[in-house]
Asker: 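Below you will find the structure I want to go over with you.
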Amino acid sequence: MSEDAFPRDPEAPEPAKPPVTPATPVAPGASPAPSASSVPAAPEVPRPPAYTPGSAQPRLNRPVHERYPQIRPTSGYGDPRITHTGPGPGAGTEQEPERSSKLTARLTLALTVVIGQLWGLTIVVDEWMTGDTGTAWWGVGFLCLSFLVVLGLWLLDPKDR
C-alpha cells in the first residue's frame, strides 16, 4: 500500500529529505577495523518543517467571512429566520405533578399485575401439564381476574388517555 491515508496537497512545497552519508568502503578480504566511525549510527529522523499558519493555496488563506459568506456575524442570536430558541423556562420539569403521580401509580399497578399474570401463567401451565386440571382452572380464574383489574384501571379515568 503505497498511498498515504491523507493525500498530499499538490500545491504544497516538497518536504525536506534527510542527507545521505556515504559508507566507508572496505577492501576485499580485509576485516573492518572496529572504530567509532564504523559503528552504524542510528538513522536520523527528519524533523517536520516549522509550523507556519496558512496554506500554500491562497484561496484557503482568505478570512472566514469571505470563504463562507452564508455565515453572518449575527447568525444564531440575530438571525430573523430563527423564531424559537428552544424550550422555555422550566423545561424538563413536571408541569402537572398530580397527573404525573397518578400515571406513575397506575403504571406501577399495571406492571405488578402483568408480572403476576406471567407468574400465574407459569403455574397454570405447569399444573395443566402434570394433570392437575382443578388447580389449573383456579389459575385461569386468577388470570381473568387480574385482566379485569387492569381493564378497571384503564376505565378509571377516560379523560387521561
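We're numbering straight along the sequence, starting at 1. Just so it is clear, the structure is predicted and the values come from calculations on it, not from any experiment.
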Asker: Applying side-chain contact (heavy atoms from CB on, under 4.5 Å), can you list everything that pairs with D126, at least two apart in sequence or on another chain?
Answerer: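 Counting only residues at least two positions away or on another chain, D126 forms a side-chain contact (heavy atoms from CB on, under 4.5 Å) with T130.
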Asker: I'd like to check the side-chain contact (heavy atoms from CB on, under 4.5 Å) partners of W128; sequence neighbours left out, ordered by chain and number.
Answerer: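 W128 satisfies side-chain contact (heavy atoms from CB on, under 4.5 Å) with T133, A136, W137 once adjacent residues are dropped.
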Asker: Could you state the interatomic distance from OG1 (T112) to CG (L107), rounded to the nearest 0.5 Å?
Answerer: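 Reported value, rounded in 0.5 Å steps: 9.0 Å.
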Asker: How long is the span from the CG atom in L148 to the CG atom in L143, to the nearest 0.5 Å?
Answerer: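 The CG atom of L143 is 11.0 Å from CG of L148, to the nearest 0.5 Å.
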Asker: Treat each ILVMFWY residue as a node, draw an edge where side-chain heavy atoms are under 4.5 Å apart, and state whether V140 and M129 are in one component.
Answerer: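 Linked, V140 and M129 end up in one cluster.
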Asker: Cluster question for you: counting only ILVMFWY and a side-chain heavy-atom cut-off of under 4.5 Å, with indirect links fine, are L151 and L145 together?
Answerer: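 No; L145 is not reachable from L151 via cluster members.
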Asker: For T135, enumerate each residue passing the side-chain contact (heavy atoms from CB on, under 4.5 Å) test, keeping only those at least two apart in sequence or located in another chain.
Answerer: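 T135: side-chain contact (heavy atoms from CB on, under 4.5 Å) contacts with E127, D132.
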Asker: Which donor-acceptor pairs under 3.5 Å do the side chains of residues 113-123 make with protein atoms, sequence neighbours left out?
Answerer:
unit_1, atom_1, unit_2, atom_2, d
Q117, NE2, S146, OG, 3.0
T122, OG1, L118, O, 2.9

